[in-house]
Peer 1: 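First the structure, then my questions, so here it is.
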Amino acid sequence: KHAANMRVVQTQQGELYHFPVTIAITQNNGKVVRFVKEIGEKEHRFEFKLTQEPKNMVFDSEYAVLKITNVNKPRTMWHYQLKNDENIVHRMAAAYELAKYASEGDLKALEEAMLSDAFWGVRGEIALALGSTKLPQAMDIILHAAEKERNHRVQRAMIQSLSNCPIPETREFLLRQMKREDSYIIPAEAFRSFGKWKDPRELEILSMGLQRDSWAQIIASGAIDGIGAMQTHEAMQKLLSLLHPKYNDRIRMTAARNLGQVGKGREEVMWKLIEITKDPYINLQISAINALGELGDMRAIPTLEEMQKGHRDPRIPRSALEAIRKINGVLELPKFEVKKENK
């Protein structure tokens with residue numbers, strides 16, 4: 001019929017939204033034509049007269065609408081979008097869609113794009129998309145691409161992706177990244193990913209990261225996050241030991257934050273965090289308060305209520321209020337105002 005059809009459905013609960021949207025269609029000759037349509041009903045069906053089958057169709061091509069979309073279109077269009085679209089966000093979206101299929105051809109296209117895309121952000125998102133598949137062949141692609149990649153931010157994304165597949169090759173790669181001296185974020189991310197495998201035998205290796213000196217303790221913080229990700233009793237004990245005043249404040253702060261996840265249901269963690277709320281370092285107090293909110297133990301509420309009183313840094317009472325409401329299962333927070341003393 002020389003026509004392309006698009007069906008748009010609003011699936012959210014409650015009221016329907018009304019807005020104009022731009023739909024971009026890439027014709028067979030590569031030329032992009034744009035149409036502006038009004039959305040306001042539960043369902044719309046649009047028809048676009050074309051002389052040839054389009055190479056791609058993009059809903060809200062200008063990203064002007066705050067939304068979450070589920071787009072169903074021919075896989076050939078996703079391939080075209082990944083390789084040819086000028087918009088970096090469109091290329092990123094195509095990477096995640098092709099990763100859902102993860103056929104041999106899809107993985108090959110993702111590999112080529114990760115090696116050739118001019119923008120580092122797209123290459124990094126492709127690595128994350130490949131990692132989401134958790135397929136060994138996808139991990140092989142990332143490992144091979146990592147040898148050629150020079151951008152540290154892309155390398156970091158690759159390391160994050162490799163945490164999804166604990167195979168011997170990945171382990172050796174991460175061990176090498178931990179030792180690098182040309183970056184702080186790469187060793188930190190390697191330690192962080194290493195812990196996500198939850199192998200209790202690796203605690204000693206993760207603890208080595210605590211000895212690495214770096215600006216703002218970035219590497220040590222990554223190692224602490226890795227220890228926290230292990231979710232074991234030994235990891236919990238290690239984090240508790242790192243709250244000792246002999247350690248750097250940033251190390252203590254990161255340890256407190258991780259205890260919010262590792263220490264659920266463990267009394268010794270709750271009482272230690274309550275003790276830390278009296279520490280003179282403000283950011284450590286906030287980390288302890290937030291961790292208490294994550295633990296969800298009602299016995300922490302009296303301490304949190306006390307933290308809202310007196311003349312404090314305004315972040316303290318606000319964090320305490322949020323922690324209390326989290327413990328009580330209340331998600332919506334009231335407007336918070338700092339009361340000023342009348343003079």
Side-chain angles (χ1 to χ4, degrees), residues 82 88-89 91-96 98-99 102 107 110-199 202 205-231 248 250-251 253-255 257-258 261:
L82 175 66
I88 60 175
V89 181
R91 301 203 299 275
M92 292 176 182
Y96 282 100
L98 292 177
L107 293 178
L110 289 168
E111 179 180 17
E112 292 176 354
M114 186 167 56
L115 291 171
S116 63
D117 199 288
F119 182 52
W120 67 266
V122 175
R123 301 198 303 276
E125 288 297 324
I126 293 173
L128 294 174
L130 284 167
S132 69
T133 68
K134 299 183 179 181
L135 296 173
Q137 53 268 44
M139 301 303 139
D140 287 339
I141 290 173
I142 296 172
L143 285 171
H144 293 149
E147 300 298 329
K148 301 178 181 179
E149 182 59 56
R150 293 294 175 264
N151 188 291
H152 285 181
R153 288 168 290 189
V154 181
Q155 292 173 351
R156 182 183 186 185
M158 290 174 168
I159 291 170
Q160 290 175 346
S161 297
L162 293 172
S163 67
N164 293 319
C165 192
I167 57 178
E169 294 82 359
T170 301
R171 184 180 186 277
E172 292 303 315
F173 176 80
L174 291 182
L175 287 174
R176 292 197 303 272
Q177 303 310 303
M178 291 175 186
K179 299 175 182 178
R180 285 179 53 172
E181 300 287 348
D182 62 330
S183 169
Y184 293 153
I185 65 171
I186 297 302
E189 203 61 52
F191 281 112
R192 195 172 286 117
S193 294
F194 210 69
K196 292 178 182 178
W197 295 343
K198 303 184 188 304
D199 188 340
E202 307 290 16
I205 291 178
L206 288 168
S207 298
M208 292 170 55
L210 301 174
Q211 311 304 321
R212 292 283 305 274
D213 189 32
S214 60
W215 179 80
Q217 298 296 323
I218 290 175
I219 296 178
S221 295
I224 295 170
D225 288 340
I227 293 171
M230 295 179 70
Q231 298 284 316
N248 178 280
R250 289 185 180 272
I251 288 178
M253 185 173 64
T254 309
R257 173 168 52 80
N258 276 278
Q261 297 298 323

Peer 1: According to the salt bridge (charged side-chain N to carboxylate O under 4.0 Å, His left out) rule, which pairs have a member within residues 117-140, sequence neighbours left out?
Peer 2: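 As it turns out, the salt bridge (charged side-chain N to carboxylate O under 4.0 Å, His left out) pairs with a partner in residues 117-140, which skip direct neighbours, are Arg91-Asp117, Arg123-Glu149.
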Peer 1: Which pair of non-hydrogen atoms, one from Ala102 and one from Thr133, has the smallest distance, and what is that distance?
Peer 2: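 Minimum heavy-atom separation between Ala102 and Thr133: CB-CG2, 4.2 Å.
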Peer 1: Output all residues satisfying side chain to side chain contact (heavy atoms under 4.5 Å, CB included) with Ser161, sequence neighbours left out; order by chain, then residue number.
Peer 2: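 For Ser161, the residues satisfying side chain to side chain contact (heavy atoms under 4.5 Å, CB included) (neighbours in sequence not counted) are Ala127, Leu128, Ile142.
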Peer 1: What residues, two or more places apart in sequence or in another chain, satisfy salt bridge (Lys or Arg N to Asp or Glu O under 4.0 Å) together with Arg150?
Peer 2: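 Residues passing salt bridge (Lys or Arg N to Asp or Glu O under 4.0 Å) with Arg150: none at all.
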Peer 1: Decide side-chain contact (heavy atoms from CB on, under 4.5 Å) for Ile141 and Leu130; before the verdict, give the C-alpha distance in whole Å, the side-chain angles of both, and the deciding distance to 0.1 Å.
Peer 2: CA-CA 8 Å; Ile141 290 173; Leu130 284 167; 3.9 Å; yes
Peer 1: Taking all atoms of both residues into account, what is the closest heavy-atom pair of Ser207 and Ile227, and its distance?
Peer 2: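 Here Ser207 and Ile227 meet closest at OG-CD1, 4.3 Å.
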Peer 1: Could you report the tightest heavy-atom contact between Tyr184 and Ile218, atom names first, then the distance?
Peer 2: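 Heavy-atom minimum between the residues: O-CG2, 4.0 Å.
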Peer 1: Check side chain to side chain donor-acceptor pair (under 3.5 Å) between Gln261 and all other residues, then give those that pass, not counting sequence neighbours.
Peer 2: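 Expected list: Glu294.
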Peer 1: side-chain contact (heavy atoms from CB on, under 4.5 Å), that's the test. Do Asp199 and Phe194 meet it? Break it down for me.
Peer 2: CA-CA 9 Å; Asp199 188 340; Phe194 210 69; over 6 Å; no
Peer 1: Looking at every non-hydrogen atom in both residues, tell me the closest pair between Ser193 and Leu174 and how far apart they are.
Peer 2: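 Scanning both residues, the minimum pair turns out to be CB-CD1, 4.2 Å.
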Peer 1: How long is the gap from NZ on Lys198 to OG on Ser163, to the nearest 0.5 Å?
Peer 2: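 Interatomic distance, Lys198 NZ to Ser163 OG, rounded to 0.5 Å: 10.0 Å.
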Peer 1: Restricting to pairs with a member in residues 154-167, which pass salt bridge (charged side-chain N to carboxylate O under 4.0 Å, His left out), not counting sequence neighbours?
Peer 2: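 Every pair satisfying salt bridge (charged side-chain N to carboxylate O under 4.0 Å, His left out) with a residue in residues 154-167: Arg156-Glu189.
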Peer 1: List for me each residue that meets side chain to side chain contact (heavy atoms under 4.5 Å, CB included) alongside Ser221, sequence neighbours excluded, and say none if there are none.
Peer 2: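 Side chain to side chain contact (heavy atoms under 4.5 Å, CB included) check on Ser221 returns Gln217, Thr254.
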Peer 1: Any chance you could measure Lys196, atom NZ, to Gln231, atom CD, to the nearest 0.5 Å?
Peer 2: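 These two atoms lie 12.5 Å from each other.
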Peer 1: Leu115: which residues meet the side chain to side chain contact (heavy atoms under 4.5 Å, CB included) condition with it, sequence neighbours left out?
Peer 2: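 By the side chain to side chain contact (heavy atoms under 4.5 Å, CB included) rule, Leu115 matches Glu111, Ala145, Lys148.
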Peer 1: To the nearest 0.5 Å, what is the distance between CD on Gln177 and CD1 on Ile159?
Peer 2: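 The distance works out to 4.5 Å.
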Peer 1: Who pairs with Arg171 by side chain to side chain donor-acceptor pair (under 3.5 Å), at least two apart in sequence or on another chain?
Peer 2: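 With neighbours one apart ignored, the set is Glu202.
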Peer 1: Taking only residues at least two apart or on different chains, which pairs with a member in residues 217-229 satisfy salt bridge (charged side-chain N to carboxylate O under 4.0 Å, His left out)?
Peer 2: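 Every pair satisfying salt bridge (charged side-chain N to carboxylate O under 4.0 Å, His left out) with a residue in residues 217-229: Arg192-Asp225, Asp225-Arg257.
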Peer 1: Name all residues meeting the side chain to side chain contact (heavy atoms under 4.5 Å, CB included) criterion together with Ser183; count only those two or more places apart in sequence or in a different chain, and write none if there are none.
Peer 2: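 Testing Ser183 for side chain to side chain contact (heavy atoms under 4.5 Å, CB included), a comparison that skips the adjacent residues, returns His152, Ile185, Ile186, Pro187.
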Peer 1: Looking only at heavy atoms, which two atoms of Ile126 and Ala95 are closest? And how far apart?
Peer 2: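 Closest pair (atom of Ile126, atom of Ala95, distance): CG1-CB, 3.8 Å.
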Peer 1: Could I get the full list of salt bridge (Lys or Arg N to Asp or Glu O under 4.0 Å) partners for Arg250, not counting sequence neighbours?
Peer 2: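 Arg250: no salt bridge (Lys or Arg N to Asp or Glu O under 4.0 Å) contacts found.
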Peer 1: With a 4.5 Å heavy-atom cut-off, do Met114 and Met158 have their side chains touching?
Peer 2: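 Heavy-atom side-chain distance check passes, below 4.5 Å.
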Peer 1: Starting at CG of Leu98, measure out to CG of Leu107 and round the result to the nearest 0.5 Å.
Peer 2: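 Leu98 atom CG to Leu107 atom CG measures 9.5 Å (nearest 0.5 Å).
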Peer 1: Would you compute the distance between atom CE of Met178 and atom CZ of Arg176 and round it to the nearest 0.5 angstrom?
Peer 2: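 Between atom CE of Met178 and atom CZ of Arg176 there are 11.5 Å.
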Peer 1: My understanding is that only residues two or more places apart in sequence, or in another chain, count here; which of them pass side chain to side chain donor-acceptor pair (under 3.5 Å) with Asn248?
Peer 2: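 So Asn248 forms no side chain to side chain donor-acceptor pair (under 3.5 Å) with any residue.
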Peer 1: Can you see which heavy atom on Phe191 is nearest to which on Leu206, and at what distance?
Peer 2: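 Shortest heavy-atom contact: O-CD2, 3.2 Å.
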